[in-house]
Every structure is written in structure tokens, then in C-alpha cells.
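Only one structure is covered here, and it is reproduced in the block below.
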Amino acid sequence: MERNILALMAACALFTTTAYAQQNDSLVVATPENTIPTAVADSLSTRQREADSLAALKYKLRRCQIKSVPEIQDLTVIDTLDSGDDAVKVVLYSNSTWRYIRNREFQRDSLIFKKYWSNDVLLPYKDVDMSKAMPKAIVIELIDSITGYHCPYQGTPHPRGKFGPRRGRRHQGIDLPLKTGTPIYATFSGKVRVAKFTGRNSYGNLVIIRHDNGLETYYGHLSEILVAPNAWVEAGQVIGLGGSTGRSTGPHLHFETRYYGQSFDPERLIDFKTGILCRESFLLKKSFFSIYSKAGQDFEDEIANEEQDKKEAAEKAALRYHTIRSGDTLGALARKYHTSVSNICRLNGIRSTTVLRLGRRLRVR
């Protein structure tokens, strides 16, 4: 845990921001302007609260298992009730369940959904110098008692679709193979910033959602977009259908998590195989992303990925096997398949004196 500079983030009026600095073994409250991006400081309430103890902070950052909230796409809202707090509403659904949700009208003036907001530009943070503005680490509230979480798509990431270096380039998200038409869900509640076709050499159909804590989630290569720009969405709402639009070598969801345009590994937050969110709060360190890179995804690696897939498919197609019949010998098999006895022995882990039993399947190429 980084003890020198920690900033507790939340980007709406319900939350406040606290920066932690260790001085003579005591905690002091620092001003947001000195510890976080100006854009973030501008978005926050001017109220301050007493700093949590380090013990309380460590508890917030503990690993836990948070399951997806129920899907809400097919549910009808029966009624909306006051909760006694203008910022929170109680929503009753047709299946006799209810949820707390944020009152979006109350939050309409939050600068987090105004500053650096664009429905067309994928990365609108060109004048945010994260190398100077961001501290060594910040704490980001992912969910609380009101906000929810839903896995965007539960599945096993492609082995060559992980975040990080890939064939000399940086892959800035993860790729989750799926069938075309598979529902894709909003991971957290938020506001749709981008919902459009971005081009044949890019993400294809792309949805970008900005969340209350300043994070943005990207959902690329969709076959269909089911939300509109500037719309509010709740965690668990279907925002599109999986596909293979744009620069894609097959149906999959390209999913990214970004903070002020800087990407970091989504698997730090989510176990996609189980669909579990690993933490309620997340310690985002500078080391998790390159603070100097403002570029979007480099899609040339998709071409290299396709070429590698073709090479592996060709190698697999070149494999040859032979089922032993009466009269077969290693010498005869070597002549028939234009190879050598030693090579057949090597491929099958046998010796030239091994007895060939009828029905045994040997690899010959």
C-alpha cells in the first residue's frame, strides 16, 4: 500500500475527496488542487471531511467477491419512491424487487459529466498532464451501498487478448470471445459519452460510459448499439450486442477501463471467468499505466493476431496421423509419408524397436 500520497476519489456531490499525506506518523488532510488533476478538483464538492485512518482505508481496499446485480433490461419500473435524501431514489420493479439508485436530476450539474465531455472525440483529455497532476496513487470508489456492478460479459479472455505488451505494441484492454448477438452489460452506473460507429480500422461500434468516480469503460466491436449518447444507464442494463465490427478478427468484446484517458488492466478489477468484482475500492497506482501515452488502441496488432491465427491453423492442418494396420512397419510408414523413422519415433515418444500394436494411432508428420 502506498502510504505517502493517497487520494480518496468520488466525483459527485454525494462524495468528497480526501488526500492522505504521512507527516511524522500522523495523517493530515491535503487540498485536492495539490494532489489530483485540476479537472477532478473542479468536479468535486468543496466540502472536506476528516481523513479516514489507514486501518479503515486498508479495509476498504481489501479483496472481496462482489457478484453481478440482477439484469434490469426486461424489468418494468412500477414506481419510484422518495428515500428521504434528494440524491437517492427507491425504484420498484415488476418482479417485486427494488433498488436504490442515484437521482440523476440531482446530479445533473456535476462537472464530471460536463468537463472534457464529448460525444465524438474518444479521448478528450489532451490538455490533462497526468504526469504532473496525478499523485503516486489514488483510491477510487467502485461501488457503495447505492451503486451496483455487473460483469460486462462473463467469459475467458483470449490468451492473446490480454492487457499489456503484444508483439511489441500495447494492447489497452482485454478481448473476450463470444457469439455475435450476445448481450453486453453496463459494468457500473453512469452516463453514455460515446455511442457510435468509429470506423472499420478502429473499435467499430463502440460505447463509452463515464462513471461517477471519473472512470470510463469502453465496449468495442459491438454488432449493435442499444443506447444513445448522453443517456443515463444503470449497472446491469444491456447497452449493446457483441459482434465483430471494426478492426476485428472474430466476434469478441474488446473491453477497456480508463482513468482520464489512461488505460489500465481491467483484470485488476474483474475476474471475467467468474464475473466477480474483486474490490469495492481500488488503489490505482501510476505504475499501472503509462502516464505519457495519450494514444488510443493501436489496431495494427489485430493484423498480427490474424496472421498468427492463420499460421497456427496451417500448422494444425499439416498434422498427419496413421492408424496401425496389419503389416505396417516404421520403415514402411516413413516411406509412405516422406519422413524418417527417427522423426516418427520423436513425435510419438517411441523407439525404433517398439512393437506396433494394431489400432494404435501414430503421428507421422
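No hydrogens, no waters, no symmetry mates; every other heavy atom, side chains included, goes into these values. Small disclaimer: the values here were computed from a predicted structure and weren't measured.
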Are the aromatic rings of His254 and Tyr218 close, with centres under 6.0 Å apart? no
side-chain contact (heavy atoms from CB on, under 4.5 Å) filter on Ser340, not counting sequence neighbours, yields Ser342, Asn343
Excluding Leu347, membership of its hydrophobic cluster (Ile, Leu, Val, Met, Phe, Trp, Tyr; side-chain heavy atoms within less than 4.5 Å) reads none
Any salt bridge between Arg210 and Glu216, counting N to O under 4.0 Å? yes
When rounded to the nearest 0.5 Å, the distance separating CG of Leu269 from CD of Glu267 is 10.0 Å
Taking every heavy atom of Ser281 against every heavy atom of Glu141, the minimum-distance pair comes out as OG-OE1, 3.2 Å
Between Thr198 (side chain) and Gly204 (backbone), is there a donor-acceptor pair under 3.5 Å? yes
Check: Lys179 main-chain N/O paired with Thr182 side-chain donor or acceptor under 3.5 Å: yes
Could you tell me how the ring of Phe255 sits relative to the ring of Phe272: parallel (under 30°), tilted (30 to 60°) or perpendicular (over 60°)?
perpendicular
Inset, instruction - If the plane angle is over 60° it's perpendicular, under 30° parallel, otherwise tilted; pick one for Tyr116 and Tyr125. - result: tilted
Please evaluate residues Phe264 and Phe282 with respect to the criterion ring pair (Phe, Tyr, Trp, His ring centres under 6.0 Å), reporting the C-alpha separation (whole Å), side-chain torsions for both, the decisive distance (0.1 Å), and the verdict. CA-CA 12 Å; Phe264 60 92; Phe282 174 57; 5.4 Å; yes
Looking only at heavy atoms, the pair that brings Ile112 and His211 closest together is CG1-O, 4.3 Å
Smallest heavy-atom separation, Ser352 atom then Val341 atom, equals CB-CG1, 4.2 Å
Between Arg365 and Tyr337, is NZ or CZ placed under 6.0 angstrom from the six-membered ring centre and within 45° of the ring axis? no
Heavy atoms of Leu358 and Arg325 approach each other most closely as CD2-C, 3.3 Å
Applied to residues 342-365, the ring-ring contact (aromatic ring centres under 6.0 Å, His included) test, sequence neighbours excluded, yields none
task = Say whether, by atom type as modelled, one donor and one acceptor occur between the side chain of Ser189 and the main chain of Ala235 under 3.5 angstrom.
result = yes
Interatomic distance, OG1@Thr257 vs OH@Tyr259, rounded to 0.5 Å, equals 13.5 Å
Quiz item: Any chance the rings of His221 and His252 have centres within less than 6.0 Å?
Solution: yes
Sorted by chain and residue number, the side-chain contact (heavy atoms from CB on, under 4.5 Å) partners of Asn348 (sequence neighbours excluded) come out as Ile344, Ile350, Leu362, Arg363
Those residues at least two apart in sequence (or on a different chain) that pass side-chain contact (heavy atoms from CB on, under 4.5 Å) with Pro183 are Tyr185, Val238
>> Quick check against the 3.5 Å criterion: does Arg268 have a side-chain atom that pairs as donor or acceptor with the backbone of Phe288?
In response: no
With sequence neighbours left out, the residues meeting side-chain contact (heavy atoms from CB on, under 4.5 Å) with Glu224 are Leu226, Leu241
Main chain of Asp120, side chain of Lys196: is a donor-acceptor contact present, judged purely on distance under 3.5 Å?
yes
Shortest non-hydrogen pair, Gly359 vs Thr323, comes out as O-CG2, 3.7 Å
Rounding to 0.5 Å, atoms OG1 (Thr187) and OH (Tyr149) come to a distance of 7.0 Å
Any sub-3.5 Å donor-acceptor pair from Ser118's side-chain atoms to Pro124's backbone N or O? no
- [ ] Measure from the side-chain N and O atoms of Thr180 to the backbone N and O of Pro251, and report whether any donor-acceptor pair falls under 3.5 Å.
- [x] no
Do Asp212 and Phe188 come close enough that some side-chain heavy atom pair is under 4.5 Å? no
